[in-house]
A.B. asks: 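Mind looking over this structure? Questions follow.
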Amino acid sequence: MAATAASSSVPLLCPYPRGLKSQGNQVTARTVQGNVNCRAKEMARPRARPNGLNSSSAAIGRRRGRHGHSPSRLVLSVSQLKATARTGAEACEDSTEGDDGEDDATIQQALIHRRQLLCGATGTFSYLTSAGFGIAAPVPPPNLSTKYCEAIPDEQSCENCCLPDLLKAPIDFKFEDLPMRIRKPAHILSKDEEYVKKYNQAYVLMKGLDPDDPRSFKAQWHIHCAFCMGAYFEPNNPNDIKLQYHYSWAFAPWHRMYLYFHERILGDLIGDKSFALPVWNWDNQQEGDGGNQMPWMFAPLNFGATPSELSNAIRNPEHFPPQVVRLDPCCYYEDMGIVYDSNLAFMHRAVVSSVSSTNFLGKPYRAGQTEDTNGPGSIEENGHNIIHSWTGSNYLKIHPNNSDMGTFLFTAKDPIFYSHHANVDRLWTVWKSLKIDPSTRRGSRKREDPTDSDFLDTQFAFYNHKKELVNVKISQTLHTDRLCYKYEALDSDQDWINYKFKPSGYEKPSPGEIDKLGPDTVLKKGVSVSVPLSRIEPTPSPGDELEETLVILGVQVPRHSVLHFKVYINLLEAGVCTPLGVENFVGVIAHIPHSGSHGKRHKRKVDFRISIGACVKALGIERNERVSVTFVPGTLSEDVDFDGVAVEWN
Ligand SMILES: [Cu+2]
């Protein structure tokens with residue numbers, strides 16, 4: 001059944017596209033215009049690594065050997081522990097790096113942390129298995145030298161996503177002294193002529209910059225392309241691992257800082273330090289408000305700008321305003337009441353029903369980890385992915401798979417991307433502010449960012465508005481007020497936060513019916529498939545404070561095509577047009593195509609996670625040992641196998 005995408009799974013590796021100068025091992029990135037012929041020729045890459053960006057990960061990487069396993073992984077020196085033990089609670093003015101000044105207590109904390117990892121203590125055992133090895137470290141920042149970047153072998157364009165290399169040493173990020181910038185809804189700002197003209201002018205100037213300038217629009221979209229498509233090698237790692245900031249806990253903080261620097265560059269170009277990006281709050285279902293439509297400011301004509309620099313030719317014309325966003329990817333409901341209601345139910349499950357950081361932000365991403373061993377959180381897997389696909393065009397053969405917005409490679413070429421991601425970033429702040437906990441039995445668990453030092457000390461690199469290369473630690477990204485921006489409070493959030501699910505009207509399946517289910521584990525377009533799920537609680541604790549998670553094991557996600565399915569508990573009758581507002585609905589899984597995979601295999605095996613505690617509580621089946629799980633596939637270009645289902649308490 002893999003025939004559909006067979007042509008795109010050919011290991012096409014681009015030679016240096018026209019427009020790139022090869023100088024021995026040095027490759028200088030220059031503009032690549034239009035389509036470039038790709039040939040199946042492997043690109044030469046230097047084996048040498050840049051020096052010492054993160055000595056601890058280098059040392060650990062060496063010990064781990066080629067496959068990431070080594071009996072000596074239990075042995076950590078004190079200096080390595082120091083390097084991985086920072087807790088990241090840094091002051092605004094003091095964002096300096098280094099190992100000095102850390103006391104024994106911190107080291108002790110790291111020792112305890114490591115011991116927990118190795119012993120599988122409650123809540124951290126999944127880290128061990130998800131990383132694929134026992135000892136890890138924070139992901140070091142990329143070295144943006146073109147020597148350590150590889151062209152992306154896209155079938156159509158052979159796009160080179162490498163960023164301009166200004167041969168500058170990175171500086172550490174420091175919080176800036178800026179006015180507090182308020183990011184407001186795009187549909188409201190679309191009526192503000194002064195704002196739209198200013199925003200448009202910022203893109204006129206950005207698009208006018210030389211592509212070798214890291215502030216240029218091309219360089220800006222290449223940032224996303226580089227770190228979603230695997231252009232850069234992880235520094236100090238001998239295993240040819242590519243950096244990937246999607247599918248894990250790195251997703252939200254990396255995109256936050258991507259937007260932060262993008263916004264600062266736009267503001268600097270128009271001389272306005274108070275400039276703030278607009279927020280496309282597609283979660284807003286208030287009828288007639290326009291929040292859940294493509295905002296008008298991104299249309300081709302705007303207040304005399306022809307064409308507007310905020311527009312983009314490659315979008316789905318069937319979704320232009322006044323068409324409303326549809327977050328259920330499986331059914332085209334005729335009744336608009338069901339569309340709005342399903343959108344609210346979807347948002348509730350994605351943001352409110354996910355309580356643990358693992359389920360909301362994603363699984364850990366540590367040094368030496370490949371994209372195959374991590375897992376996305378609901379912040380990425382749900383509205384984020386659905387809106388990407390919904391916005392992109394599915395009409396252009398040369399840009400298939402809902403390009404530009406719906407494909408990893410081209411998505412940031414559309415200015416609407418940054419406004420969409422501002423909403424994703426906003427939802428992270430809303431999630432952290434929520435006091436209600438519908439998912440655990442006790443109902444009092446707080447929503448918190450991970451406190452693991454591998455999360456806090458992971459670093460990213462971006463160019464700032466002065467063309468300086470800046471390394472940022474995740475610990476510096478966690479509070480928007482420290483970054484001098486915030487989001488306007490929106491009433492429409494309450495509609496989905498306080499959403500009440502309704503009974504389906506169907507009888508729950510009997511134990512006998514559940515026992516007869518399975519063993520079919522293939523997702524076929526438009527065909528529901530039900531499997532039994534054994535809910536074994538952890539002992540001795542009865543799981544009162546733990547979040548119950550459905551893990552869909554080993555889903556063989558086709559890299560190059562769209563995959564959408566929705567999931568229901570104890571509702572064997574669930575079908576393509578079963579609304580999301582029934583209390584049996586637990587979540588949606590959506591995948592964005594990932595064209596160009598450096599000749600890797602065509603499918604990526606992923607464990608997906610969905611919080612089911614709130615649904616189980618509402619259905620009153622907390623004590624049932626077996627329940628049914630029904631998968632309802634929507635868009636699928638081919639059949640998708642998965643290994644099975646399991647419950648995890650985290
Ligand atoms: Cu992204």
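In listed order, ligands and their atoms are each counted from 1. As the structure is a computational prediction, the values presented were derived from the model and not from experiment.
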A.B. asks: Relative to the ring of Y195, is the ring of Y199 parallel (under 30°), tilted (30 to 60°) or perpendicular (over 60°)?
C.D. replies: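 Aromatic pair Y199/Y195 classed tilted.
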A.B. asks: Nearest 0.5 Å please: distance from the OH atom of Y203 over to the CD atom of Q220.
C.D. replies: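 Answer for the OH-CD pair, Y203 versus Q220, is 8.0 Å.
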A.B. asks: Using 2.8 Å as the cut-off, note every protein N, O or S atom close to the Cu ion (ligand 1).
C.D. replies: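 The answer, once waters are left aside, is H224 NE2, H246 NE2, H255 NE2.
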A.B. asks: On the ring face of W390, is R326 found with NZ or CZ under 6.0 Å from the centre and within 45° of the axis?
C.D. replies: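 Negative - R326 is either too far from the ring of W390 or too far off its axis.
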A.B. asks: Here's a test for you: under ring-ring contact (aromatic ring centres under 6.0 Å, His included), which of H421, H224, H591 qualifies with H388?
C.D. replies: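 Of the listed residues H421, H224, H591, the ring-ring contact (aromatic ring centres under 6.0 Å, His included) partner of H388 is H421.
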A.B. asks: With no hydrogens and no angle check, just 3.5 Å: does a side-chain donor-acceptor pair link Y365 and D454?
C.D. replies: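 Judged by distance alone, the side chains do not pair up.
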A.B. asks: Any chance the SGs on C149 and C161 are under 2.5 Å from each other?
C.D. replies: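 No, no disulfide: SG-SG not under 2.5 Å.
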